[in-house]
Structures are given as structure tokens and as C-alpha cells.
Asker: 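Before anything else, here's the structure in question.
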Number of protein chains: 2
Amino acid sequence: MTSSRRPTVNEVAERAGVSIASVSRVLNGKGARAETERLVREAAAALGYIPDATGRSLKLGRGLQVAFAVDDVANPVYTEMMRGVEDGLRDAGQQRSGAADGPRLVVASVGHELEDLIALISSLSRGFADGLVISPLRTSPALVTALLEAPVPVVVVGNPGDKVPIDTVRTDSGRGVKLAFGHLADGGRQRIAFVNGPSETAPGRARLHGFESAAEGPQGGLAGAVVEASAFTVEAGEEAWARLAALPARRRPDAVVAANDLLAFGVLRAAVSAGRQVPRDLAVVGIDDTEYARIYNPSLTSVSLGAVRRGTLAAGLLLDRMQQPSRAPRTRRVNPRLVIRESSAPRSVRR
Amino acid sequence: MTSSRRPTVNEVAERAGVSIASVSRVLNGKGARAETERLVREAAAALGYIPDATGRSLKLGRGLQVAFAVDDVANPVYTEMMRGVEDGLRDAGQQRSGAADGPRLVVASVGHELEDLIALISSLSRGFADGLVISPLRTSPALVTALLEAPVPVVVVGNPGDKVPIDTVRTDSGRGVKLAFGHLADGGRQRIAFVNGPSETAPGRARLHGFESAAEGPQGGLAGAVVEASAFTVEAGEEAWARLAALPARRRPDAVVAANDLLAFGVLRAAVSAGRQVPRDLAVVGIDDTEYARIYNPSLTSVSLGAVRRGTLAAGLLLDRMQQPSRAPRTRRVNPRLVIRESSAPRSVRR
DNA sequence: TTGTAGGCGTTATCAT
DNA sequence: ATGATAACGCCTACAA
């Protein structure tokens, strides 16, 4: 099945009757006599020659792969972000280098363990990836250290900690939570609960602050219970709903803001299974505006954090830094945007 | 930000006061005097030395990465399959080589174009990946050729064509369709439509055959319209429902088998939006038993094709072939399994 | 314009 | 047991 061996520049050169230097030049568009060019291209085609990426990167000191490390490939928000990174790589790569296309994107799915991510970053070496985009849930001094000493440029989507001199793409998810809260309050909801993910994560902390600050605002009296789910997953959302449902009747919420769409789906699934009517008995708002938000029944009101856009911006920052490793770190921002759907229809309105 | 430069064996050797050969030996566990070993390890640790993957693969003629090429990263079935591949790589890698862990998995998201996939396969080179798992929707003689001449071992999840001598992991998705059809017929449904994906794809063809053969069976009189969606996506499912709804009343289905879960969600979304009650007015069964099938409202009955298991099996086949490139091609099979949920509750039963 | 030669970081052979 | 040295495939001064 596998052909015996890959042809090398040497064999192409021999067959074309030229030197390996000419082969390399022709194949890299460095200019050569028309006749030489023809000879080389013919020989390469005949042999099915494909440059060995290893040899090339070894010589060049860089390859053409960019990695995207994700905590949870099953979360659609990351696949959307990934699409954004891909787009950004392709477009910018084309625009910048005029080359056929930008670097190839590989996705490294690291586990949920922070250590795994740190190991990935510091093991990052030429030949695996020449740039990295990460969107870590958790952070720690060790991670920051690894980031700063990373062997290749790294762009963080999220907040790695204040004043860390590194390129980042950020969004104010706390403000997103306030948007959701205000929307539910405007819709006549009386007791609005917040289902957060783990508060020791960066997004968990930011979103909790958002809820707390909403609770201090003019409509703050409507703020209900805060429940911390064990993860940003559907299962954890179901479990969180069980805890809300166990509350004494007068504290039981008529609306829930969930810290992401997966948690929201969990709450919806569990609440509907328990016989709640959504949005009549219970309104639900998620965060991320995942593809499934539109599809769910009822469709889910959600706060878009611009996952695709954030991916694209991250790719741009990364390419810039790969070109100029010493430039000053930059931060790009994306604004949250509320997308209203069925799951949060105002209490007063009959469907 | 990026530290000046990565340390190399030379620097470790110099600092340890030994030769680079000793460094290499120690770090690869080839045995050395205890004192030498200590010296090398200390120097390596002090310098934060990490072997350069590029240099290593260049010398070794192979790296330690496996790629997984997917048509549509947004389809949860592929993220599940990917999890299976990861597991298989890790477990088997550990078991076989006794090494810390198996090869690293990278995901190459190729576009929907067959050409892109072919380009990926033939451009596959050392330094990018040393093995590949693909699950292509479409196939063609050109793809088969590329597969057979691929520079690295390839395992196909799916059916690349009959008698193609290549390792494959298969499942009889046609039988899955028959399972779904039979289930709906048993539940008292009178007119069962089939929403297929593009019939020029391998799964589209197999699933259509499954439906046709069900239509010839004992309950075949219940077989209704066949609609071919433009893709295996939610949007295409919504559009397909529109076409079913436009049918004259007596041909309108009271049940739908969809060729995958995304199509099923599209049908559900569109039907529910149009005021249909599921499962009272309309029963729906999907294929793939995606994570969202359990979560949807109503939860979706679906035929599991064992995505995770298929991924694991593919990883095993790949590792075997990487070890023995010339062994005979093998095929592993996974059986479809019906998972019954709310969306297909029998007509007669009141909820 | 073309060819020769050196070296990127690693491992493995062959002396010592 | 250890060290010097030669590759692996590629690109690119430098020389011709």
C-alpha cells in the first residue's frame, strides 16, 4: 500500500539533470530559466515529488502549522471559534504572503487538566506548531509562566490575568450576563436565578461578577439564587436545575440566566422533563449563542460572544506576531450582543 | 515574550561536560553510567531542554502524530469519533510501546470538497502526520488512488468502495434505517417518509438502500415520500421538511426517518415551528445518536452507529499498520443500535 | 542563471 | 561507556 519511499530533491534533480539548488529554487518560485523550470517541474511531477515538511522546517526554523488548543471539543462554541481561526489564517495568509494559503490549522484537544495545557505549551516545538491559539477555562501562575516562556507565539482568547504581556482577544462576558438579566427583568420576571459554571474559572468569575453587579442595579431586587454547576456542560446544567427546583417555593426562580448555552440546555432539558412550561413558567437565557440555540425547542435566547469573530481576530494577532515576534502585545475586544428568541418571551404575552 | 532560543543537545552536552551522543542516549533511555546520567539530566532540566520534534523526525524518518480529517467539525458525530480515536491512541500506545503515551492527535478540518481531502492525503508528509484516519462523505476513483498511494498509513471509517485493499471500520447504516423504519411501523405510524442526505455520498447511498429494502419488507406499504436534502445539516433538514409539508394532505407523512441527527433536528425545528406536535402528529427518528439527541425537546429517538467505538477501532487498526506496513488490510464492524426516546412514542399512547 | 557546500537538531554507527 | 562523526531532506549564502 504505502509506496516504497518518498522521492527527495536529489532524485528530482538527477532526473531533471540539474542541481538540487535549482530544484529548490524552481519549486519555491525563486526564479530560474524557463527551460530549467520546465525540466524541474516535469521531473517533480513524474516522480510525484512532495517536499518533506520536516526537512523544510528544520532548515527554515519554522514550519507552517498553527495549533488551536481547546478544553472541550464537544462544546460548539469552540468549533465555531475554530472556524473563525481557520478563516483568519486563510485570508490573512493570502493577503500577507500572497502565498496560495496560510498555515495549516491543527487542533490539539487537551484534557480539562490545566497541567495538560501547560505541558502542551512548553512541549510545543517546531515541527508541531509554530503558533498557538488557546482559550483556557482556568488559569494559574504556572500557566502564565508557560505562556510567557512558550517556544512559539501564543494568542489567548480570554483573560489570562491582568497585565500579562501577551496578545489577547477579549469579551466582557460579565456585561453579557447583565444584558441577559436586564432582558428578563424587562420581560416581567420576578425572581431571576443564575446558573454559573465553576467560579474558579476565568469565565465563571467574570460572569458571576456580572450577575452581582446586575443585582446591585435598579432591577437588582429581582436577583434570585446563584447556583454553581460543576462544569460548563449539559449534565451539570441538569444537576443545577435539580438544586433550583429543590428550593422552597417562594425562592424558586421564574427565570434563569445560564453561564453558557450547554448549561442552559441542561436546565431546559431538566425543567421541561419535570413538566415546566418554557417560557410560560420559566424563562431561560444562555450565553455563547451557539448554533443549537436557534434550533432548540423552544429556541434559546442567548448572548452572543462572537466566537467566530474572536477566532478570526486571534488568527490575525498570531500571524502578526509570528512575523514580528518583538512587537508590543495587543488586545482586541468583541462586544456581547443579546439575541432574543422564544425561551425568554415576556411573561405577559400569551403564545 | 518568546525566549531567545530553544536549547539544543549541544548546549546540554556542553553544560553537562559530556558529548551530544551521551545526551541523546541518556534522554532516550539507552543506558549510561549513573554519574553521566545525573549530569545530563541536571543540565537538561536547568536549561529547560525539550527535544526538537523536527530534528528527531528528520533523523528517525517518522514522527509521532496522527491526523484525523473531518468533513464537518460542527457535526457532533465527528467530535465523538475523535474522542474515540484519542482514547484508542492513548490506550493502545501505552499498551504497545510501554511509552508514556501514544502519538499526538491533530485534527485537520478539510473543506467539503473532495479535492481538498485528496490534496491533504497526498501532501501528507513526515512532520505533519505519520498516520491518518478519515471518514469521508464522498468518494471517487481519484480518492481511492490517493488513498492507495498515500505516503503514510490511512484508515477509513466508512466505505471507500468495494474491494479497496485498505483498513476500514464499517457499520451497516442501511440496516440502521431499517431498524428506525420498523420501530415507527410498530408504533402505528401509517406513512413514513425518509429524509436522506445527498444520495451521491457513501452514507446517503447506503441509507437510501436501507429505506428501499424496508419498503419491500412486510411493513413496506407504510413507506412514504423520499426527500433528498442538500447536505447532512440542520438547515437542509428544515428545507426538507418544507418540501414534505407541501405535499398533498394524503401523502403527508406522520413519521420521518432522517439520515442523521442534524437532519432530524432540522425537521423537528421546522415542524414544531409550523405547529406540529411531536410525537403526536409526527414521529421523528434520527441516526448517529448524537449527544444532542438525548437533550432535545422532545428527546430524539436515534440509531447509534457507535461513533466513539468506531474511532477507537480505527486508532487500533492504524497503530497496527504503522507498526507492520505490509500486513493484510482488515475490516472492523460496528452494529447499529436503536435508542428509543420521546420523539417516536407510539401513536396510540397518550403522553 | 546555476552549482557547490554547509548546516538546521537529532539519532546511530563506529571507533576508542 | 563514551565520543567523534555521518547522515536524514531541505534551503540558501557564496562562488562560478
Side-chain angles (χ1 to χ4, degrees), chain A residues 3-41 43-44 47-65 97 99 123-128 130 151-152, chain B residues 4-41 43-44 47-65 99 123-128 130 151-152:
Chain A
S3 53
S4 54
R5 217 176 42 76
R6 307 169 56 78
T8 74
V9 270
N10 282 293
E11 296 163 56
V12 177
E14 190 178 0
R15 177 165 180 132
V18 300
S19 77
I20 60 168
S22 291
V23 173
S24 176
R25 273 189 289 257
V26 168
L27 266 31
N28 291 292
K30 291 285 202 286
R33 208 175 48 193
E35 173 65 2
T36 307
E37 168 135 10
R38 190 182 61 78
L39 251 30
V40 170
R41 294 213 181 279
L47 262 37
Y49 172 74
I50 294 156
D52 183 308
T54 308
R56 170 181 280 153
S57 6
L58 186 54
K59 178 59 187 177
L60 262 39
R62 70 197 152 69
L64 16 68
Q65 269 185 62
S97 60
S123 82
L124 224 44
S125 65
R126 228 172 16 159
F128 169 47
D130 311 285
V152 302
Chain B
S4 51
R5 215 176 43 75
R6 305 170 56 79
T8 74
V9 269
N10 281 293
E11 296 161 56
V12 176
E14 190 177 1
R15 177 163 179 135
V18 300
S19 75
I20 61 168
S22 290
V23 173
S24 177
R25 272 190 290 258
V26 168
L27 266 31
N28 290 291
K30 292 283 201 288
R33 208 176 49 191
E35 173 66 3
T36 308
E37 169 137 10
R38 190 182 61 77
L39 251 27
V40 170
R41 294 215 181 278
L47 262 36
Y49 171 74
I50 295 158
D52 183 307
T54 309
R56 169 180 284 154
S57 355
L58 183 55
K59 178 60 185 173
L60 260 38
R62 71 198 150 69
L64 17 66
Q65 271 185 61
S123 82
L124 226 44
S125 65
R126 224 173 21 157
F128 169 49
D130 309 287
V152 303

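Residue numbers start from 1 in every chain, and the chains themselves are labelled A, B, ... in the order their sequence lines are given, proteins ahead of strands. Note that the structure is predicted; figures quoted are calculated from it, not measured.
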Asker: Can you check whether B:Arg56 has a side-chain N or O nearer than 4.0 Å to OP1 or OP2 of C:dT11?
Answerer: yes
Asker: Would a 4.5 Å heavy-atom cut-off, applied to side chains only, mark A:Val40 and A:Glu37 as touching?
Answerer: no
Asker: What pairs with A:Arg33 under salt bridge (charged side-chain N to carboxylate O under 4.0 Å, His left out), at least two apart in sequence or on another chain?
Answerer: none
Asker: Which nucleotide wins on minimum distance to the side chain of A:Arg25, given the candidates C:dG3, C:dT10, D:dA4?
Answerer: C:dG3
Asker: If you go through the side-chain atoms of B:Lys59, does one of them form a donor-acceptor pair with the base of C:dA12 closer than 3.5 Å?
Answerer: no
Asker: As an exercise, state the distance from CZ of B:Arg56 to OG of B:Ser24, rounded to the nearest 0.5 Å.
Answerer: 8.5 Å
Asker: Considering only heavy atoms from C-beta outward, does the side chain of B:Leu39 approach that of B:Glu35 to under 4.5 Å?
Answerer: yes
Asker: It should be established whether A:Ser22 places a side-chain nitrogen or oxygen under 4.0 Å from OP1 or OP2 of nucleotide C:dG3.
Answerer: yes
Asker: How many Å lie between CG on B:Leu47 and C1' on C:dG9, as a whole number?
Answerer: 15 Å
Asker: Select one nucleotide: of C:dT11, D:dC11, D:dG3, the one nearest the side-chain heavy atoms of A:Asn28.
Answerer: D:dC11
Asker: If you only use heavy atoms from C-beta on, which nucleotide in D:dC10, C:dT11, C:dT2 is closest to the side chain of B:Ser24?
Answerer: C:dT11
Asker: Of all the nucleotides listed (C:dG9, C:dT2, C:dT11), which has the minimum atom distance to the side chain of B:Leu60?
Answerer: C:dT11
Asker: Can you measure B:Leu39 atom CG to D:dT2 atom C1' for me and round it to whole angstrom units?
Answerer: 13 Å
Asker: For A:Asn10, answer base if it contacts any base atom (sugar-phosphate contacts may also be present), sugar-phosphate if it contacts only those atoms, and nothing otherwise; contact means non-hydrogen atoms under 4.0 Å.
Answerer: nothing
Asker: Starting the side chain at C-beta, find the nucleotide from C:dT2, C:dT10, D:dG3 nearest to B:Tyr49.
Answerer: C:dT10
Asker: By nearest atom, which of the nucleotides C:dT13, D:dG9, D:dC11 is closest to the A:Leu58 side chain?
Answerer: D:dG9
Asker: Measure CD1/A:Ile20 against C1'/D:dC8 and give the value in whole Å, please.
Answerer: 13 Å
Asker: What is the distance from CD of B:Glu11 to P of C:dC8, rounded to the nearest Å?
Answerer: 11 Å
Asker: When you measure from the side chain of A:Val18, which nucleotide among D:dG9, C:dT11, C:dG3 comes out closest?
Answerer: C:dG3
Asker: Does A:Thr8 make a side-chain N or O approach to OP1 or OP2 of D:dG9 shorter than 4.0 Å?
Answerer: no
Asker: Just compare C:dT2, D:dA4, D:dC10 and give me whichever is closest to any side-chain atom of A:Arg33.
Answerer: C:dT2
Asker: For B:Lys30, is there any backbone N or O sitting under 3.5 Å from a side-chain donor or acceptor partner on B:Asn28?
Answerer: no
Asker: Across the strands shown, which category fits B:Ala32 at heavy-atom distances under 4.0 angstrom: base, sugar-phosphate, nothing?
Answerer: sugar-phosphate
Asker: State whether B:Lys30 places a side-chain N or O below 4.0 Å from either non-bridging phosphate oxygen (OP1 or OP2) of C:dA12.
Answerer: yes
